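What follows is one structure encoded as structure tokens, with my remarks underneath.
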Amino acid sequence: MHKLKNKFKRLLMSAATIGTACLLAGCGAGAAAGTDNSGVTESQSGGNGSEQENASTDSQKLQIVATIFPEYDWVKEILGDQADNVDLTLLLGNGTDMHSFQPTMEDILKVSTCDLFIYVGGESDSWVADALKGAGNPDRKAINLMDVLGDQVKEEELVEGMQEEDGHTHEEEHTHDDDLEYDEHVWLSLKNASLFCDTIASSLADADPEHSQLYQQNAEAYEEKLAALDQEYQTSVEKSRSKTLLFADRFPFRYLIDDYNLTYYAAFAGCSAETDASFETITFLSGKLDELNLPAVLTIENSDQKVAKAVIENTNTKDQKILTLNSMQSVTTKDVEEGTTYLSIMENNLQILKEAL
């Protein structure tokens with residue numbers, strides 16, 4: 001690929017400072033408020049006079065870093081035949097959940113020196129601000145998915161029966177007075193994915209004008225597949241007997257649920273650190289299973305299913321299935337090598353959804 005820009009590696013810039021700033025909080029705090037809806041930002045140059053600046057190095061490949069698997073897979077689809085001419089990194093490729101991810105110095109360096117950086121933009125990415133300030137490549141662009149969504153970003157919510165961080169069970173009339181938080185799990189919507197792909201294609205075209213038409217064509221073809229699957233979801237929901245899902249687990253599927261006007265009950269919010277459900281939470285969810293005659297209890301990937309089993313044991317029939325929806329928070333590079341794609345996971349999730357409804 002045509003060389004697009006020189007990159008300046010400042011290996012000794014402020015690594016220690018960045019490292020100490022990379023402890024993560026929970027997810028969801030107001031990263032989406034007052035942001036540029038384009039979602040594409042130029043990096044901020046560190047500019048520390050005491051930093052040592054290494055000699056610039058030429059690379060023939062565009063350097064792209066994506067924090068999570070969906071971003072990575074979208075880039076691959078849009079690159080198409082140009083993928084071999086791009087150095088594409090999946091930062092969270094070892095199965096680490098983004099809520100507990102802590103970047104290494106090597107990760108920080110990749111972000112600092114890449115040409116295009118794609119990240120979610122919620123509080124789980126709080127480490128990103130310091131990584132972007134230590135700019136090794138002053139021409140780098142960054143795409144913040146929550147910024148791309150702008151006012152379409154959803155607030156975190158506590159629904160009836162959901163366990164709060166203090167262990168109490170949320171009641172409908174209870175007012176949640178904590179600071180405003182936003183739901184980070186923006187990739188779990190096919191409609192959102194289409195919007196994100198538009199932004200990625202545009203950024204790739206800016207970085208590599210020679211292949212801009214290819215990127216646009218690939219994005220359009222991929223978005224047709226997203227739209228077709230979106231319609232399958234819509235048709236399946238319209239034909240379903242029930243319009244309610246019950247999660248005995250964390251609930252990161254707010255964007256998907258809202259796309260198809262479904263309702264849900266869940267043990268914990270999507271970013272909750274809770275793992276042990278209270279007796280009140282289990283009793284509430286069990287009662288809803290009986291009341292609504294639901295055939296299944298849902299969990300997310302890697303669940304130990306203890307809460308789900310406890311909920312089923314407290315129902316009248318005790319015969320509900322445990323089904324798993326994949327939120328793509330633990331996809332590994334090995335999974336990618338074995339053929340896992342964003343579309344394959346969302347297609348499988350549709351089959352699970354049909355069974356649960």
Side-chain angles (χ1 to χ4, degrees), residues 69 95-100 157-165 167 169-170 183 185 187-189 229 232-233 236-237 239-260 262-332 335 338 340 342 344-357:
F69 165 73
T96 301
D97 189 300
M98 72 175 189
H99 303 113
S100 57
E157 65 177 355
L158 286 171
V159 298
E160 181 186 10
M162 185 179 284
Q163 187 165 310
E164 301 184 50
E165 293 293 333
T169 300
H170 184 74
D183 192 321
H185 308 94
W187 63 89
L188 291 168
S189 160
L229 185 56
E232 286 188 51
Y233 268 85
S236 298
V237 169
K239 292 180 178 178
S240 65
R241 175 188 64 82
S242 173
K243 310 297 182 189
T244 302
L245 298 175
L246 190 142
F247 276 75
D249 206 334
R250 289 190 291 144
F251 182 75
F253 290 96
R254 171 86 187 280
Y255 290 91
L256 184 145
I257 288 292
D258 285 1
D259 277 352
Y260 310 111
L262 293 168
T263 58
Y264 73 95
Y265 297 97
F268 315 111
C271 294
S272 175
E274 297 285 346
T275 56
D276 296 321
S278 67
F279 175 76
E280 290 78 10
T281 298
I282 291 173
T283 300
F284 175 85
L285 294 177
S286 299
K288 282 297 177 183
L289 276 181
D290 288 332
E291 175 190 337
L292 300 173
N293 194 27
L294 298 177
V297 173
L298 289 160
T299 66
I300 64 173
E301 70 276 14
N302 298 331
S303 169
D304 61 15
Q305 300 189 345
K306 287 193 300 184
V307 177
K309 291 174 182 177
V311 168
I312 291 171
E313 281 301 309
N314 281 276
T315 63
N316 293 331
T317 59
K318 300 178 175 33
D319 62 353
Q320 293 83 0
K321 293 182 179 179
I322 299 177
L323 302 175
T324 298
L325 279 182
N326 191 333
S327 65
M328 299 187 232
Q329 296 181 85
S330 302
V331 179
T332 66
D335 294 327
E338 294 174 350
T340 296
Y342 177 83
S344 72
I345 292 177
M346 291 300 285
E347 287 165 354
N348 187 66
N349 280 346
L350 174 58
Q351 300 310 310
I352 299 298
L353 193 66
K354 289 179 180 178
E355 192 171 355
L357 294 174

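Keep in mind that this is a model prediction, so the values were computed, not measured.
Under the rule for a side-chain hydrogen bond (donor to acceptor under 3.5 Å, both in side chains), N349 has no partner lying at least two apart in sequence or in another chain. Residues satisfying the ring-ring contact (aromatic ring centres under 6.0 Å, His included) test with F69, not counting sequence neighbours, are none. The side-chain contact (heavy atoms from CB on, under 4.5 Å) check on T263 picks up T244, with sequence neighbours excluded. In terms of the salt bridge (charged side-chain N to carboxylate O under 4.0 Å, His left out) criterion, E301 has no residue partners (sequence neighbours excluded). Legend: residues meeting side-chain hydrogen bond (donor to acceptor under 3.5 Å, both in side chains) with D319, ordered by chain and number and at least two apart, are T317. The ring-ring contact (aromatic ring centres under 6.0 Å, His included) search around Y255 returns none, not counting sequence neighbours. Applying the side-chain contact (heavy atoms from CB on, under 4.5 Å) rule to K239 yields the partners T235; only residues at least two apart in sequence or on another chain are considered. Residues satisfying the side-chain hydrogen bond (donor to acceptor under 3.5 Å, both in side chains) criterion with K243, sequence neighbours excluded, are S240. Residues satisfying the side-chain hydrogen bond (donor to acceptor under 3.5 Å, both in side chains) criterion with Y233, sequence neighbours excluded, are absent altogether.
Going from atom CD1 of I312 over to atom CG of L285 covers 11.0 Å, rounded to the nearest 0.5 Å. L357 contributes atom CG, which lies 11.5 Å from atom CD1 of I352 (distance to the nearest 0.5 angstrom). Note that the CG atom of L246 and the CZ atom of F284 stand 8.0 Å from one another [nearest 0.5 Å]. The distance from the CD atom of Q351 to the CE atom of M346 is 12.0 Å, given to the nearest 0.5 Å. One finds the OG atom of S236 at 7.5 Å from the CG atom of L353 (value rounded to the nearest 0.5 Å). Separation of atoms CZ (F268) and CD (Q163) is listed at 5.0 Å; rounding is to 0.5 Å.
Scanning both residues, A266 and V159, for their nearest heavy atoms gives N-CG2, 4.4 Å.
Here the side chain of N348 pairs no donor or acceptor atom with the backbone of I345 at under 3.5 angstrom. With hydrogens and angles ignored, the 3.5 Å screen pairs no side-chain donor or acceptor of D335 with any backbone N or O of T340. Side-chain N or O atoms of S303 include none that pairs as donor or acceptor with a backbone N or O of I300 at under 3.5 Å. Under the 3.5 Å distance criterion, the side-chain polar atoms of S286 are matched with a main-chain donor or acceptor of V311.
Residue pairs meeting the salt bridge (Lys or Arg N to Asp or Glu O under 4.0 Å) criterion with at least one member in residues 345-357, sequence neighbours excluded, are K321-E355.
Side chains of F251 and E157 form no contact here, defined as non-hydrogen atoms less than 4.5 Å apart. At a threshold of 4.5 Å between non-hydrogen side-chain atoms, the residues P252 and Q329 count as touching.
Taking the six-membered ring where the residue is Trp, the centroids of F247 and F253 are separated by under 6.0 Å.
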Only pairs under 3.5 Å count here: list side-chain donor-acceptor contacts from residues 288-299, not counting sequence neighbours, and write none if there are none.
unit_1: K288; atom_1: NZ; unit_2: Y265; atom_2: OH; d: 3.4
unit_1: K288; atom_1: NZ; unit_2: E291; atom_2: OE1; d: 3.3
unit_1: D290; atom_1: OD1; unit_2: N316; atom_2: N; d: 3.1
unit_1: D290; atom_1: OD2; unit_2: N316; atom_2: N; d: 3.2
unit_1: D290; atom_1: OD2; unit_2: N316; atom_2: ND2; d: 3.4
unit_1: T299; atom_1: OG1; unit_2: T324; atom_2: OG1; d: 3.2

